[in-house]
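This one's a predicted model, so the numbers in the text were calculated from it and none came from an experiment. Start at 1 and go down the list; that is how both ligands and their atoms are numbered.
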Amino acid sequence: MTMKVREPLISELSAPGRRGVRFPESDVPASPMPKELLRADLPLPEVSEVDVVRHYTRLSHFNHAVDIDFYPLGSCTMKYNPKINEALSRLPGFANLHPLQPAETVQGALRLMYELQEALQEITGFAACSLQPAAGAHGELTGVHMIWAYHYDRGDTHRNKILVPDSAHGTNPASSAMSGFRVVEIPSDARGNIDLAALKAECDDTVAGLMLTNPNTLGLFEEHLLEVIETVHAAGGLVYGDGANLNALLGIAKPGELGFDVMHLNLHKTFATPHGGGGPGSGPVVCAPHLADFLPGPVVVVKEEATDDLPPFFGLETPAKSIGRVRSFHGHFGVMVKAFAYILMLGAGGLRQVAEDAVLNANYLRARLQETYHIPYNRICMHEFVAEGRWKDAPDIHALDIAKRLMDFGFHPPTNYFPLIVHEALMIEPTETESKETLDAFTEAMLQIAEEARANPEVLHSAPHATPFGRVDEVKAAKELVLTWE
Ligand SMILES: *Cc1c(COP(=O)(O)O)cnc(C)c1O
């Protein structure tokens, strides 16, 4: 259980004259400061070193983190990120580069980017890659722009709609709409697949494409995937793959070979960059040959092939019909270093093991919870599954109460109220980095909460009890946001 933090949580720590550091007497003559830089009064806190260390250490524990405990936030892939990737991305040879340096002085960095492009193409079965987009949603926007550019280039300018399943991440319709398309929602069928009949009814000559997440946000593999893709292609549309959740497919299936035309990846989900604190992330876009010319540039290419004496010379190039630049300079290079190190360290076999363990862990939790929690689309899942946080015999209990109560056990809650097609959704993604002991502890907490829901619902309604702050009024917090403690 999370330790209760002693009151007062935030008190005035400053006391006049208290110091953290004392400088020795100066042994050089004082030189006058420019008057503009001097202030008569500078009310900084006066605190000792230990006050400062404790203050920030205490603050750091107010938030949950994957380094503290289990973080099964569905669709977000909050896996543990090996610290060596951080150390490598901070190597001075990487961290101190300037993006405007001439290519001959940054061959190592360009080679890393080139080989990462190649690795991501190999993992996903696509022919080309751009590392520019800064995150998943940005990759989507990029890919949908590429779909637009593809049709426009062919003179096929009457295609004005993008189809999006009702289980999709909210960024999918947003990216389509921001690219100027009309968004048409396609319902899911009783097994959690995209409804084929509804899809076929919308596949006319105005369809520009379909945005498809596979496995979808229910954690399920599309059972009619090939037929779905063929249907859209037959109508002249392209298929966009939302690859934010690639964890279940690594080393097992290649979306490029399944017929997808373009896809983004979330390096900050699948490829071990910490996230949740607002970035930086990276959302590379990979695509089939017919879209390669439209990729945002520049991308890294081999300018001069290797010879017997010399390694290849890498440079930057903008594809022929590029939609243009989508990010300043070259994207988030530090994230690329981490992803590259992670891929090299795991190798092909290790990546496959990631996927197998992620799927095994999710199915283990699903199997242990399915008798207690209703799972509306209950079949073998991929990296995650979605349960309902409600029971007929506990009518006042909502998914939110279960989520808040889980915090008392030291766990981060699952994703709540998404996907929208499941009532009181609890979307649980354990990831491959969790041990059986952790999964069992989480299961026990979930089972205890289900009992409390009937026997003592008040303990759920008033949860969390063991965190530094109790239940907040979420409406008030959103409407009257206070970002400072004063
Ligand atoms: C996380 C996620 C996204 C968006 O990624 P960001 O990096 O947060 O922009 C898109 N689709 C799915 C399915 C996701 O899980």
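Ring centers of His145 and Phe294: at least 6.0 Å apart, outside the cut-off. Between Phe260 and Tyr240, the distance separating the two ring centers is not shorter than 6.0 angstrom.
Of the protein's heavy atoms, Glu140 OE2, 3.2 Å lies nearest to atom 10 (C) of ligand 1. Remark: minimum distance from atom 5 (O) of ligand 1 to any protein heavy atom is reached at Asn266 ND2, 3.1 Å. With respect to atom 9 (O) of ligand 1, the closest heavy atom belonging to the protein is Ala137 N, 2.8 Å. Protein heavy atom closest to atom 11 (N) of ligand 1, with residue, atom name and distance, is Asp242 OD2, 2.6 Å. The shortest contact between atom 1 (C) of ligand 1 and any protein heavy atom is with Lys269 NZ, 1.4 Å. Of all protein heavy atoms, the one lying nearest to atom 6 (P) of ligand 1 is Gly136 N, 3.5 Å.
Each of Glu140, His264, His138 was checked for a side chain to side chain donor-acceptor pair (under 3.5 Å) with Thr171, and the lone residue meeting it is Glu140.
Listed by chain and number, the residues in a ring pair (Phe, Tyr, Trp, His ring centres under 6.0 Å) with Phe333 are Phe94 (sequence neighbours excluded). Annotation: salt bridge (charged side-chain N to carboxylate O under 4.0 Å, His left out) contacts of Glu480 (sequence neighbours excluded): Lys476.
Listed by atom number, the atoms of ligand 1 under 4.0 Å from Thr171 heavy atoms are 10 (C), 11 (N). Under a 4.0 Å criterion applied to the non-hydrogen atoms of Asn245, ligand 1 contributes the atoms 13 (C), 15 (O). Residue contact check: His268 has heavy atoms under 4.0 Å from atoms 7 (O) of ligand 1.
Between the Lys321 side chain and the Leu295 main chain, no donor and acceptor come within less than 3.5 Å of each other.
Not one N or O of Thr217 is nearer than 3.5 Å to an N or O of ligand 1, by distance alone. At least one N or O atom of Ser75, backbone or side chain, sits closer than 3.5 Å to an N or O atom of ligand 1. For ligand 1, none of its N or O atoms has an N or O atom of Ala135 under 3.5 Å away.
In summary, the side chains of Asn378 and Gln370 do present a donor paired with an acceptor at a separation below 3.5 Å, with no hydrogens or angles considered.
Proximity of Ala244 to ligand 1, defined as any heavy-atom pair under 4.0 Å, is confined to the side chain (atoms from C-beta onward). If you look at His275 next to ligand 1, there are no close heavy atoms at all, none under 4.0 Å.
Using the six-membered ring where Trp is involved, Tyr373 and Trp391 have ring planes that are tilted, between 30° and 60° apart.
Contact annotation: the side chain of Gln117 never approaches that of Glu122 to less than 4.5 Å [non-hydrogen atoms, C-beta and beyond].
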